[in-house]
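Side chains included, hydrogens not; waters and symmetry mates left out as well; all remaining heavy atoms used. Computed from a prediction, not measured in an experiment: that's the story for all the values here. Along the sequence shown, residues are numbered consecutively beginning with 1.
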Amino acid sequence: QVQLRESGGGSVQSGGSLQLACAASGYTDSIYSMGWFRQAPGKEREGIATIARDGSTFYKDSVKGRFTISRNNAKTMLYLQMNSLEPDDTAMYYCATDCTAYRNHQGIQVKATRNAYWGQGTQVTVTS
């Protein structure tokens with residue numbers, strides 16, 4: 001099993017930055033890809049960024065150019081650098097393992113497989 005714990009959330013003004021972190025423990029050798037998801041009140045959870053085993057990164061259009069996903073070589077830490085934050089970025093942010101990205105008519109989609117492990121989430125609030 002893999003345990004994930006997010007940190008780094010908080011409240012920031014529009015235009016500000018935050019860096020989220022996700023610490024992985026347990027059987028981390030089994031981790032091939034990881035990603036970040038968010039869920040705003042009243043909305044469905046959406047995948048926003050993923051990093052593959054080879055280090056390739058994919059972003060949902062709404063965050064591309066503002067957010068950067070990264071990880072350490074040991075795959076025990078996952079990060080999300082968030083710049084130019086907007087009120088629409090307000091949400092609970094989650095990290096997950098076993099993610100994939102594909103493109104459809106709506107752009108890049110990030111999804112977690114049914115076997116994914118999830119963290120408990122960290123709240124990000126962006127005020128105008």
Side-chain angles (χ1 to χ4, degrees):
Q1 282 199 343
V2 174
Q3 295 80 42
L4 303 175
R5 175 172 289 184
E6 302 91 341
S7 61
S11 182
V12 64
Q13 287 190 327
S14 182
S17 298
L18 281 175
Q19 185 183 62
L20 305 184
C22 172
S25 59
Y27 189 39
T28 57
D29 285 347
S30 66
I31 297 175
Y32 283 81
S33 61
M34 296 186 75
W36 286 99
F37 295 73
R38 67 185 181 186
Q39 186 168 20
K43 295 186 177 181
E44 292 186 357
R45 185 170 57 193
E46 64 171 350
I48 56 174
T50 184
I51 184 165
R53 187 181 189 184
D54 65 359
S56 301
T57 57
F58 302 90
Y59 299 92
K60 197 167 178 67
D61 289 345
S62 58
V63 305
K64 190 174 183 180
R66 300 188 298 124
F67 292 8
T68 302
I69 188 171
S70 63
R71 68 178 181 210
N72 66 350
N73 288 335
K75 293 185 290 184
T76 56
M77 292 297 300
L78 181 73
Y79 303 98
L80 186 69
Q81 177 66 41
M82 305 187 294
N83 299 328
S84 302
L85 283 162
E86 305 166 353
D88 283 349
D89 296 316
T90 295
M92 185 71 78
Y93 283 71
Y94 302 88
C95 61
T97 63
D98 302 296
C99 301
T100 186
Y102 62 92
R103 180 181 293 277
N104 64 10
H105 65 285
Q106 294 178 312
I108 292 290
Q109 305 298 317
V110 175
K111 302 293 183 183
T113 70
R114 60 186 298 177
N115 297 320
Y117 292 97
W118 293 86
Q120 294 298 308
T122 185
Q123 176 67 38
V124 171
T125 302
V126 185
T127 58
S128 57

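The two atoms that bring Ser17 and Ser84 nearest to each other are OG-N, 4.3 Å, heavy atoms only. Closest approach of Ser70 to Ile51, counting heavy atoms only: CA-CD1, 4.2 Å. The two residues Leu80 and Ala49 come nearest to each other via the heavy atoms CD1-CB, 4.3 Å.
If you take OG on Ser128 and CD on Glu86, they are separated by 11.5 Å, rounding to the nearest 0.5 Å. Here CD of Glu44 is found 13.0 Å from CZ of Phe37. Values are rounded to the nearest 0.5 Å. For the atom pair Arg53 CZ and Arg71 CZ, the distance stands at 9.0 Å (nearest 0.5 Å). Taking CG of Asp98 as the reference point, atom CZ of Arg114 lies at 12.5 Å (rounded to 0.5 Å). In this structure, Leu78 CG and Met34 CE are separated by 4.5 Å, a value rounded to the nearest 0.5 Å.
For the pair Tyr94 (side chain) and Glu6 (backbone), a donor-acceptor distance under 3.5 Å is absent. For the pair Thr28 (side chain) and Ser25 (backbone), a donor-acceptor distance under 3.5 Å is absent. Under a 3.5 Å cut-off, the side chain of Ser33 and the backbone N or O of Cys99 do form a donor-acceptor pair. Within the 3.5 Å criterion, the main-chain N or O of Gly9 finds a donor-acceptor partner in the side chain of Thr122. Counting only distance, with no hydrogens or angles, the side chain of Arg5 and the backbone of Ala21 share no donor-acceptor pair below 3.5 Å. At least one donor-acceptor pair closer than 3.5 Å links the side chain of Asn72 to the backbone N or O of Met77. Judged purely by atom type and a 3.5 angstrom limit, Thr90 uses its side chain to pair as donor or acceptor with the backbone of Val126. Counting only distance, with no hydrogens or angles, the side chain of Arg45 and the backbone of Gln39 share no donor-acceptor pair below 3.5 Å.
Atom CD of Gln120 has 12 or fewer neighbouring heavy atoms from other residues, nucleotides or ligands inside a 6.0 Å radius. The number of heavy atoms from other shown groups lying within 6.0 Å of CG (Asn73) does not exceed 12. The number of heavy-atom neighbours closer than 6.0 Å to NZ of Lys75, taken from other residues, nucleotides and ligands shown, is above 12.
You'll find the side chain of Leu4 reaches within 4.5 Å of the side chain of Thr97, heavy atoms only. Tyr27 places none of its side-chain heavy atoms less than 4.5 Å from the side chain of Gln1. Residues Arg66 and Tyr59 form no side-chain contact, since every pair of their non-hydrogen atoms from C-beta on lies 4.5 Å or further apart.
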>> Walk me through whether Asp89 and Arg38 qualify under salt bridge (Lys or Arg N to Asp or Glu O under 4.0 Å).
In response: CA-CA 9 Å; Asp89 296 316; Arg38 67 185 181 186; 2.9 Å; yes
> Would Met82 and Gln19 satisfy side-chain contact (heavy atoms from CB on, under 4.5 Å), going step by step from the backbone distance to the final call?
Replying inline: CA-CA 6 Å; Met82 305 187 294; Gln19 185 183 62; over 6 Å; no
> Are Tyr93 and Gln123 close enough, and set up right, to give a side-chain contact (heavy atoms from CB on, under 4.5 Å), and what steps lead you there?
Replying inline: CA-CA 6 Å; Tyr93 283 71; Gln123 176 67 38; over 6 Å; no
>> Could you walk me through whether Gln109 and Asn104 satisfy the side-chain contact (heavy atoms from CB on, under 4.5 Å) test, starting with their C-alpha distance in whole Å, then the side-chain angles of each, then the deciding distance to 0.1 Å, before giving a yes or no?
In response: CA-CA 7 Å; Gln109 305 298 317; Asn104 64 10; 3.4 Å; yes
> Can you check side-chain contact (heavy atoms from CB on, under 4.5 Å) on Leu18 and Leu85, steps first, answer last?
Replying inline: CA-CA 8 Å; Leu18 281 175; Leu85 283 162; 4.2 Å; yes
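In the hydrophobic cluster analysis, where Ile, Leu, Val, Met, Phe, Trp and Tyr join through side-chain heavy atoms closer than 4.5 angstrom, Trp118 is grouped apart from Val2. Under a hydrophobic-cluster definition in which Ile, Leu, Val, Met, Phe, Trp and Tyr are linked whenever side-chain heavy atoms come within less than 4.5 Å, directly or via other members, Ile69 and Val63 are assigned to the same cluster. Hydrophobic cluster membership is shared by Leu20 and Tyr117, with clusters built from Ile, Leu, Val, Met, Phe, Trp and Tyr side chains linked at under 4.5 angstrom.
Thr113 and Asn115 form no side-chain donor-acceptor contact under 3.5 Å, judged by distance and modelled atom types alone.
Between Phe67 and Trp36, the ring center distance fails the sub-6.0 Å criterion.
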